[in-house]
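Along the sequence shown, the residues carry numbers beginning at 1.
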Amino acid sequence: MRYAILLMGAPYSDQASHSALRFAHAVLERGHRLEAVFFYHDGVHNAARLAAPPQDEPHLGEAWVSLANEHCVALQVCIAAALRRGLLDEREAARHGKDGVSVQAPFELTGLGQLIDLGTRCDRLVTFGP
């Protein structure tokens, strides 16, 4: 089966990010395909390049990056939600005259059309939120 995840929870405010990550690993361990994770609302904070949690806590942003790199999973971040929260990639930073980039690769800023596409292409779209 082909899965996609919609994640709407911030990484350290509630359990949504951690639960979504565990679900993603379970899907892959069972031999299914995880097409993408779409980060929306406060879930966009998972893409923050400058996050530095204490060493005794999991670094959820890095965990998503590892998952993406190991299993070719797209990490799509809603551009409107990201910009509202100060998360910009190189292109958006230049476009808005900002001098810093706060979205780490391989997270990519995309529109809601990508979420709709995932919903039509995948067998299951599973949502995690606060």
Residue set satisfying ring-ring contact (aromatic ring centres under 6.0 Å, His included) with H32, at least two apart, ordered chain then number -> Y3
Residue pairs meeting side chain to side chain donor-acceptor pair (under 3.5 Å), one or both in residues 67-86, sequence neighbours left out, come to D42-R85
Taken in chain and number order and not counting sequence neighbours, the residues that satisfy side-chain hydrogen bond (donor to acceptor under 3.5 Å, both in side chains) with H18 are Q15
Across all chains, not counting sequence neighbours, the side chain to side chain contact (heavy atoms under 4.5 Å, CB included) partners of Q104 are R49, V65, F107
Residues pairing under ring pair (Phe, Tyr, Trp, His ring centres under 6.0 Å) where one sits in residues 73-102, two or more places apart or in two chains, turn out to be none
F39 and V44 have their tightest heavy-atom pair at O-CG1, 3.5 Å
Sorted by chain and residue number, the salt bridge (charged side-chain N to carboxylate O under 4.0 Å, His left out) partners of R95 (sequence neighbours excluded) come out as E92
With sequence neighbours left out, the residues meeting side chain to side chain contact (heavy atoms under 4.5 Å, CB included) with A24 are I5, L34, W64, L67
Residues passing the salt bridge (charged side-chain N to carboxylate O under 4.0 Å, His left out) test with R121, sequence neighbours excluded, are E35, D117
Taking every heavy atom of C72 against every heavy atom of R33, the minimum-distance pair comes out as O-NH2, 3.2 Å
A26 meets the side chain to side chain contact (heavy atoms under 4.5 Å, CB included) criterion, sequence neighbours left out, with R30
Per-pair distances, 0.1 Å, donor-acceptor, side chain in residues 123-130, under 3.5 Å, sequence neighbours excluded:
{"residue": "D123", "atom": "OD2", "partner": "R2", "partner atom": "N", "Å": "2.8"}

Across all chains, not counting sequence neighbours, the side chain to side chain contact (heavy atoms under 4.5 Å, CB included) partners of E57 are Y12, P53, P54
